[in-house]
Undergrad: 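I have a structure here, written as structure tokens, and I will follow up with some questions on it.
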Amino acid sequence: MTSEIKNPLNMVPDPFNVVGFILPPTFCTTERRAWFRRTNEILAFLYVTTLSFNEATKRYEVLIPKLPFKENTPIKISLHGGNSATMPAKRIVKLTTEGIDVITRQVFVMMYGSLETYLFQLFERSYPQIGRTNNFLDISLEILMGKKWDGKFCKMKEVFGIDYQCAKLETHFHDFEMNFSGKFYKKPLSFLDELVQIRHKIVHASSILEGDKLIVIDIQVFNPYYTFCSLLTDYIDDLFAKRFGYQREKVNPAEA
């Protein structure tokens, strides 16, 4: 959000955090509700894993000075089922600290994938409404692949007859600050196109941004990323609900 006064998502105080805010109840098709549930699980994985890595780092930083060979002491890590790995203690600390960057990159991809899954499910529900009964995957890929986001929306409009208008989409994001790693965007579609490029680099270029530099995703971006996708799915949900008469029930995002 751009200021304390502007609140485009009508966020409400977090009952578990006196200084925090959460998304309010919002209207959802079954597909959008599934998106909230799936994305909540992804973010929970991110936060629990990050906490576990931090706690492991603290534990080994205290333990290593007491080991017989200090940081070079072999440590065996065993899992249920008999799987195990042995490595120097210093390697564990390195993995737990650098591992957070690995996790944030992969969670970034997972969240974008969750958005695509929402669209695929919404499309699949809607094809019979326009007389299509097969080749759902091929048609969906044609809509979503190989074009910028304005092209994706235009293709949705062509295939499903939804009332997509770029100006209305931008109005839907009025007062919502779109900022990724210090770079600000005025248009939601430009922001989406940037997210696509980052996702491509993580997936197809082994997370390399340029040269030998790895992409680093600040964990602080995920809450804004989540709220951006909440606004976007609300806009899309409303278009399809109006076009096909889908019911949207009021849902608490945290309990979806």
Undergrad: Examine distances only and state if a side-chain atom of Lys90 and a backbone atom of Asn72 form a donor-acceptor pair shorter than 3.5 Å.
TA: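 Side chain of Lys90 to backbone of Asn72, a donor-acceptor pair under 3.5 Å: no, none is there.
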Undergrad: Which residue is it: Thr26, Asp234, Thr30? I am looking for the one with a side-chain hydrogen bond (donor to acceptor under 3.5 Å, both in side chains) to Arg248.
TA: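 Single pass found, and it is Asp234.
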Undergrad: I'd like to check the ring pair (Phe, Tyr, Trp, His ring centres under 6.0 Å) partners of Tyr225; sequence neighbours left out, ordered by chain and number.
TA: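 So Tyr225 forms a ring pair (Phe, Tyr, Trp, His ring centres under 6.0 Å) with Phe108.
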Undergrad: List, by chain and number, the other hydrophobic cluster members for Met87, where Ile, Leu, Val, Met, Phe, Trp and Tyr join if side-chain heavy atoms come within less than 4.5 Å, directly or indirectly.
TA: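 Besides Met87, the cluster holds Tyr60, Leu63, Ile64, Leu67, Ile75, Ile77, Ile92, Val93, Leu95.
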Undergrad: Got a sec, which residues hit salt bridge (charged side-chain N to carboxylate O under 4.0 Å, His left out) with Glu142, two or more places apart in sequence or on another chain?
TA: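 For Glu142 the salt bridge (charged side-chain N to carboxylate O under 4.0 Å, His left out) partners, ignoring immediate neighbours, are Lys155.
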Undergrad: Should side-chain heavy atoms under 4.5 Å link Ile, Leu, Val, Met, Phe, Trp and Tyr, which residues sit in the same cluster as Phe27?
TA: none
Undergrad: At what distance, to the nearest 0.5 angstrom, does NZ of Lys152 lie from CG of Leu189?
TA: 11.0 Å
Undergrad: Can you list every ring pair (Phe, Tyr, Trp, His ring centres under 6.0 Å) pair that touches residues 71-91, not counting sequence neighbours?
TA: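 Those involving residues 71-91 do not exist here.
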Undergrad: To the nearest 0.5 Å, tell me how far Tyr226 OH sits from Ile42 CD1.
TA: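 Here the rounded value is 10.5 Å.
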Undergrad: Can you sort out the partners of Arg243 under side-chain contact (heavy atoms from CB on, under 4.5 Å), two or more places apart, ordered by chain and number?
TA: Ile130, Ile162
Undergrad: How long is the span from the CD atom in Glu98 to the OG1 atom in Thr57, to the nearest 0.5 Å?
TA: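 One finds 10.5 Å between CD of Glu98 and OG1 of Thr57.
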Undergrad: Would you say the side chain of Ser126 lies within less than 4.5 Å of the side chain of Tyr246, judging by non-hydrogen atoms?
TA: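 Touching, per the 4.5 Å side-chain cut-off.
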Undergrad: Got a sec, which residues hit ring pair (Phe, Tyr, Trp, His ring centres under 6.0 Å) with Phe53, two or more places apart in sequence or on another chain?
TA: none
Undergrad: Keeping the roles fixed (side chain from Lys147, backbone from Met145), state whether a donor-acceptor pair exists under 3.5 Å.
TA: yes
Undergrad: With rounding to the nearest 0.5 Å, note down the distance linking CZ in Phe120 to CD1 in Ile139.
TA: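 Reported value, rounded in 0.5 Å steps: 11.5 Å.
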Undergrad: Under a 4.5 Å cut-off applied to non-hydrogen side-chain atoms, are Arg32 and Ser230 in contact?
TA: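 Contact flag for Arg32/Ser230 side chains = yes.
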Undergrad: Please check if the side chain of Ser114 supplies one atom and the backbone of Met110 the other of a donor-acceptor pair under 3.5 Å.
TA: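 Flag not set: sc Ser114 to bb Met110 has no pair under 3.5 Å.
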Undergrad: Checking the side chain of Thr97 only, and the main-chain atoms of Lys94 only, is there a donor and an acceptor separated by less than 3.5 Å?
TA: yes
Undergrad: If you look only at pairs with a residue in residues 133-167, which of them pass as a ring pair (Phe, Tyr, Trp, His ring centres under 6.0 Å), with sequence neighbours excluded?
TA: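 Sorted result for residues 133-167: Phe123-Phe160, Tyr127-Phe136, Tyr127-Phe160, Trp149-Phe153, Phe153-Tyr164, Phe160-Phe240.
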Undergrad: Side-chain contact test, heavy atoms from C-beta onward, threshold under 4.5 Å: evaluate it for Leu192 versus Lys148 and give yes or no.
TA: no
Undergrad: Do Ser190 side-chain atoms and Lys186 backbone N/O form a donor-acceptor pair below 3.5 Å?
TA: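 It does not hold such a pair.
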Undergrad: Quick check: do His204 and Arg199 have side-chain heavy atoms less than 4.5 Å from each other?
TA: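 In short, these two side chains touch, coming nearer than 4.5 Å.
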Undergrad: Indicate yes or no for a side-chain donor-acceptor contact from Thr73 to the backbone of Ala89 under 3.5 Å, with no hydrogens or angles considered.
TA: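 Flag not set: sc Thr73 to bb Ala89 has no pair under 3.5 Å.
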Undergrad: Kindly say whether Leu231 contributes a backbone atom to a donor-acceptor pair with the side chain of His172 at under 3.5 angstrom?
TA: yes
Undergrad: Residues sharing Val102's hydrophobic cluster, by side-chain heavy-atom contacts under 4.5 Å among ILVMFWY, directly or via others?
TA: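 Val102 clusters with nothing; isolated.
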Undergrad: If you measure only the distance, is there a donor-acceptor pair under 3.5 Å linking the side chains of Asp237 and Tyr118?
TA: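 The criterion, which ignores hydrogens and geometry beyond distance, is satisfied for Tyr118 and Asp237.
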Undergrad: So do Thr233 and Leu119 actually touch side chain to side chain, heavy atoms under 4.5 Å?
TA: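 Contact flag for Leu119/Thr233 side chains = no.
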Undergrad: Looking only at atom types and distance, does a side-chain atom of Asn179 sit under 3.5 Å from a main-chain N or O of Gly182, one as donor and one as acceptor?
TA: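 Flag set: sc Asn179 to bb Gly182 pair under 3.5 Å.
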Undergrad: The criterion is ring pair (Phe, Tyr, Trp, His ring centres under 6.0 Å); which residues satisfy it with Phe36, sequence neighbours excluded?
TA: none
Undergrad: What residues form a side-chain contact (heavy atoms from CB on, under 4.5 Å) with Thr117, not counting sequence neighbours?
TA: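 With sequence neighbours excluded, Thr117 shows a side-chain contact (heavy atoms from CB on, under 4.5 Å) to Arg38, Gln121, given in chain and number order.
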Undergrad: Test of understanding: with salt bridge (charged side-chain N to carboxylate O under 4.0 Å, His left out), list the residues that count as partners of Glu55, not counting sequence neighbours.
TA: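 With neighbours one apart ignored, the set is Lys58.
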Undergrad: Aromatic rings Phe228 and Phe191: how do their planes relate, parallel, tilted or perpendicular, breaks at 30° and 60°?
TA: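 Ring orientation of Phe228 relative to Phe191: perpendicular.
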Undergrad: Indicate if Val251 and Ile236 have the same hydrophobic cluster label, given that clusters are the connected sets of ILVMFWY residues with side-chain heavy-atom separations under 4.5 angstrom.
TA: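 Looking at the clustering, Ile236 is in a separate group from Val251.
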Undergrad: What is the distance from atom CG of Asp218 to atom OG1 of Thr104, rounded to the nearest 0.5 Å?
TA: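 One finds 8.5 Å between CG of Asp218 and OG1 of Thr104.
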Undergrad: For the pair Lys157 and Asp163, evaluate salt bridge (Lys or Arg N to Asp or Glu O under 4.0 Å) and give the outcome as yes or no after the intermediate values.
TA: CA-CA 7 Å; Lys157 181 175 184 176; Asp163 185 27; 5.1 Å; no
